[in-house]
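Reminder, nothing fancy here: chain letters follow the sequence lines and each chain counts from 1.
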Protein chains: 4
Amino acid sequence: MKTSLSTFPQNRRVAAEAVILPIGVTPKGARGKILNAALRLFALRGYGATSVRDICKEAKVQTTTLYSHFPSKELVLAEIIQLGHTEHLRRLREALSQCEHQAPAEQLSALVRAHVISHCEYSMLAVVTNTEMHALSDDTVRPVMAILQESESLLGEVLLRCSQNSIFDVPDIELALRAIGGMGMRVAFWYEPNCGKTPEYVADTFANFAMRLMGITHDPQPG
Amino acid sequence: MKTSLSTFPQNRRVAAEAVILPIGVTPKGARGKILNAALRLFALRGYGATSVRDICKEAKVQTTTLYSHFPSKELVLAEIIQLGHTEHLRRLREALSQCEHQAPAEQLSALVRAHVISHCEYSMLAVVTNTEMHALSDDTVRPVMAILQESESLLGEVLLRCSQNSIFDVPDIELALRAIGGMGMRVAFWYEPNCGKTPEYVADTFANFAMRLMGITHDPQPG
Amino acid sequence: MKTSLSTFPQNRRVAAEAVILPIGVTPKGARGKILNAALRLFALRGYGATSVRDICKEAKVQTTTLYSHFPSKELVLAEIIQLGHTEHLRRLREALSQCEHQAPAEQLSALVRAHVISHCEYSMLAVVTNTEMHALSDDTVRPVMAILQESESLLGEVLLRCSQNSIFDVPDIELALRAIGGMGMRVAFWYEPNCGKTPEYVADTFANFAMRLMGITHDPQPG
Amino acid sequence: MKTSLSTFPQNRRVAAEAVILPIGVTPKGARGKILNAALRLFALRGYGATSVRDICKEAKVQTTTLYSHFPSKELVLAEIIQLGHTEHLRRLREALSQCEHQAPAEQLSALVRAHVISHCEYSMLAVVTNTEMHALSDDTVRPVMAILQESESLLGEVLLRCSQNSIFDVPDIELALRAIGGMGMRVAFWYEPNCGKTPEYVADTFANFAMRLMGITHDPQPG
DNA sequence: AATGAATGAGCCTTCATTCAT
DNA sequence: AATGAATGAAGGCTCATTCAT
């Protein structure tokens with residue numbers, strides 16, 4: 001018996017249909033077409049199951065044209081993942097910057113909201129970013145990994161400050177980080193615009209979940 | 001700057017090293033060797049990036065031997081995923097059966113614990129099961145999907161019963177399901193036996209997180 | 001526009017459906033089942049496009065069983081071709097033996113009739129015999145070729161005797177042999193029992209064609 | 001005992017050595033080299049027994065080069081067969097067009113001559129065209145079959161007109177079509193330029209055979 | 001004879017990439 | 001930049017055949 005709560009309504013990697021790259025970040029011309037096509041196919045089928053020919057057919061360019069814009073298929077993926085982590089980090093920073101003098105609880109809430117919203121809005125990007133990083137070579141992955149770790153540090157530090165505040169009651173801060181990070185990351189796989197919930201609503205709810213998970217008490221003290 | 005809270009310590013899909021298939025489920029002989037080799041490589045590199053020759057080299061059999069046990073590479077994956085979902089469902093059911101007359105809160109706790117422990121103990125299996133299902137054809141995925149949905153229904157129904165109990169305060173039950181399911185699912189990617197935490201400890205903590213997330217109050221009424 | 005005279009009503013090598021090996025020649029048991037299955041598949045698909053597995057599936061025996069009866073796939077074909085040429089030669093000889101004291105014209109008629117009837121009755125055998133002999137190795141083909149050449153000699157000698165008789169008027173005896181042999185050989189490809197003509201009728205008509213082709217005059221002298 | 005009349009002097013599918021594709025029809029460059037190599041090997045060994053590697057070695061190109069000119073091995077065969085039937089039909093039409101106002105007898109003679117000459121000159125093409133069509137899939141064979149049937153219709157209609165003319169005496173027009181078509185078709189298997197007979201001579205003789213077979217009387221009336 | 005597993009060569013085809021134009 | 005042809009490695013898979021049982 002199938003309940004209305006099923007989390008995997010179909011056999012696709014990502015529920016969302018629409019694209020794709022953050023506005024203002026997509027390059028013009030063939031380069032942009034290639035990146036968007038590659039992102040779409042990597043998200044739906046996976047990097048290993050997508051050929052250069054597939055990408056170029058989707059982008060409506062010649063196969064060799066790809067090689068005048070990128071040195072290899074791997075570096076197409078690298079650029080996409082780079083874009084993904086960069087945009088993600090930018091949003092986290094932006095969210096933090098708007099409440100940097102407020103209590104840790106406010107900061108945590110803002111971070112989780114930004115985390116979730118970006119996974120809703122750029123779900124394909126997030127799926128690729130989170131599932132295909134292992135396809136990059138060690139040298140290629142290094143700068144990308146640095147950005148990812150920076151994002152994690154941001155959340156980790158806020159969690160640390162929260163845990164030092166008596167309004168929270170955290171049994172294991174590392175596991176809390178894993179749990180909060182993980183629940184947000186999964187949003188990219190199931191969210192799609194027609195699901196009946198707005199990104200902001202999901203974000204608010206998940207921020208609430210994060211607060212609860214951290215054991216916040218109902219009458220907070222000043223941070 | 002890397003903090004001690006980083007969730008992705010290296011560029012691999014799955015942190016765990018060890019294998020692999022649930023005891024008692026692994027077939028004898030070449031068939032079992034092939035399944036374990038394939039599981040390991042699919043988990044580390046992905047299905048698309050693993051060749052039949054790779055699997056057979058790892059399993060120390062001839063490539064043609066694989067084809068006397070499986071009709072295709074896809075059906076090797078299918079069997080692994082089937083095993084994964086079946087074992088997962090078996091554990092959820094077992095956990096539930098041991099508290100079927102208890103309050104929903106107890107049941108939720110038991111389910112989350114089973115969910116997490118199985119993602120710790122069979123992390124490779126869980127990673128493959130959760131990230132490569134899209135590589136199966138429609139016909140092949142159908143029976144597997146049915147098992148997955150059965151597992152989800154189990155958790156969904158318990159959440160539903162919890163939400164109808166006044167000791168819980170759930171803003172959105174569907175999102176709660178996504179959050180709790182998602183945080184457990186991600187465990188497979190980062191957990192490894194030498195991380196300093198036992199599966200039981202992680203499971204207890206995540207069960208606690210789930211309770212909190214569901215807004216449980218501190219003096220529960222009988223379910 | 002398709003006329004009712006079209007010679008290739010469908011894309012198959014041989015029009016006939018039914019089998020197969022001459023009665024009394026088919027071995028008992030697995031050996032016979034294998035030969036008949038192989039003949040059928042070689043006729044319909046060709047030797048190169050038929051696998052040992054295909055043959056064994058059709059014959060409902062194990063793959064290895066074939067190898068306890070035949071040393072190789074090639075020698076299955078060799079046996080079939082051998083059977084085909086042997087039966088063909090037997091029939092030509094039998095036909096000749098019944099008119100050995102009659103005029104060459106009678107002998108030619110009898111030979112053409114036997115040639116055509118055997119191509120009607122064992123059309124699958126004839127198709128394989130005539131189109132797959134090149135698949136045999138030099139050593140294997142030698143004894144088979146000898147039988148074939150014996151059959152041809154039979155017809156060639158009768159034609160020669162006819163041409164020396166003044167009731168015939170043959171411009172080129174070698175070409176007459178090719179023409180008469182060739183028109184009979186093609187019968188195996190298009191004849192099928194439900195075509196509305198009996199083998200005897202076709203044989204009589206082709207014998208008449210052969211006579212005409214040899215330029216027979218209407219008041220024959222004694223041979 | 002081998003007579004000088006033997007029709008199968010050696011174990012090959014086709015007696016002729018030389019090539020191959022009609023002048024003016026062979027494409028330039030690698031495509032043409034591949035077609036000629038494939039034709040030669042298909043004729044000598046059969047389609048099923050010829051690998052893509054064989055073709056490419058013979059054509060002195062890389063195996064992948066074949067795939068930038070043809071979608072598959074099957075479509076190499078399809079193109080060859082298409083060329084064969086097209087050229088054959090073209091020659092029949094050309095022959096007919098030069099005697100379209102003459103008596104049916106003249107037309108029959110012209111058709112048989114064209115039929116035979118094209119089987120002498122392009123014997124490899126004819127052998128492949130006539131023996132490997134069954135290797136094509138249903139969809140691929142359809143347009144090719146249409147051309148073949150058009151050629152057959154041409155001959156069938158002329159035979160029909162002949163049979164309605166009192167100078168002919170045809171016992172069974174359908175069998176006459178089979179016989180005349182079949183004897184010409186077999187020419188491709190045994191004719192070779194050094195056999196001591198020119199294509200024209202063979203063609204004239206077979207045209208004579210065809211007339212006799214149709215029961216022509218020796219003092220024809222105007223058609 | 002018959003079986004089930006295994007073998008090594010080879011199948012057709014596609015891959016990411018390069019090069020001369 | 002863009003093109004069409006070409007390249008060498010590797011892809012998944014099937015082949016005819018063998019062997020221990």
Q | Pair pattern of DNA chain F in dot-bracket, where unpaired bases get dots and | marks partners in another strand, Watson-Crick or G-U under 3.5 angstrom | A | .||||||||||||||||||||
Q. Counting side-chain heavy atoms from CB outward, which of F:dA6, F:dA2, E:dT3 is closest to A:His69?
A. F:dA2
Q. Just checking C:Ser72: base, sugar-phosphate only, or nothing, at a heavy-atom cut-off of under 4.0 Å?
A. sugar-phosphate
Q. Taking for each residue the nucleotide of DNA chain F with the nearest heavy atom, is it B:Leu66 or D:Gly29 whose nucleotide lies nearer the 5' end?
A. D:Gly29
Q.
How many whole angstroms separate atom OH of A:Tyr67 from atom C1' of E:dC19?
A. 14 Å
Q.
Between D:Thr65 and F:dT7, is there a contact of a side-chain N or O with OP1 or OP2 at under 4.0 Å?
A. yes
Q.
Side chains of D:Ile55 and D:Phe42, heavy atoms from C-beta outward: is any pair under 4.5 Å?
A. yes
Q: Quickly work out the A:Ile55 CD1 to E:dT17 C1' distance and round it to whole Å.
A: 13 Å
Q: Map D:Thr50 and C:Ser68 onto DNA chain E by nearest heavy atom, then report which one ends up closer to the 5' terminus.
A: C:Ser68
Q. Would you call B:Glu79 and B:Arg31 a side-chain contact if the rule is heavy atoms closer than 4.5 Å?
A. yes
Q. Atom CZ of D:Arg31 to atom P of F:dG4: distance rounded to whole Å?
A. 15 Å
**Q.** Of the listed nucleotides F:dG12, E:dC12, F:dA2, the one nearest the side chain of D:Lys73
**A.** E:dC12
Q: Grab the two heavy atoms, one from B:Thr65 and one from B:Ala30, that are nearest each other, plus how far apart they are.
A: CG2-CB, 4.1 Å
**Q.** Minimum-distance nucleotide to C:Thr64 side chain [options: E:dG10, F:dC19, E:dA2]
**A.** F:dC19
**Q.** Nearest-nucleotide 5' precedence on DNA chain E, D:Pro71 against C:Gln62
**A.** C:Gln62
Q. With a non-hydrogen cut-off below 4.0 angstrom, is B:Ser51 in contact with a base, only sugar-phosphate, or nothing?
A. sugar-phosphate
Q | Flag side-chain contact, heavy atom, 4.5 Å: B:Met133 against B:Leu148 | A | yes
Q | Under the side chain to side chain contact (heavy atoms under 4.5 Å, CB included) test, residues paired with C:Ser51 that sit two or more places apart | A | C:Arg53, C:Asp54
Q: Report yes or no: is there a donor-acceptor pair, N or O only, under 3.5 Å between the side chain of B:Arg53 and the base of F:dA10?
A: no
Q. Quick one: B:Lys57 NZ to E:dG8 C1', roughly how many Å, whole number?
A. 16 Å
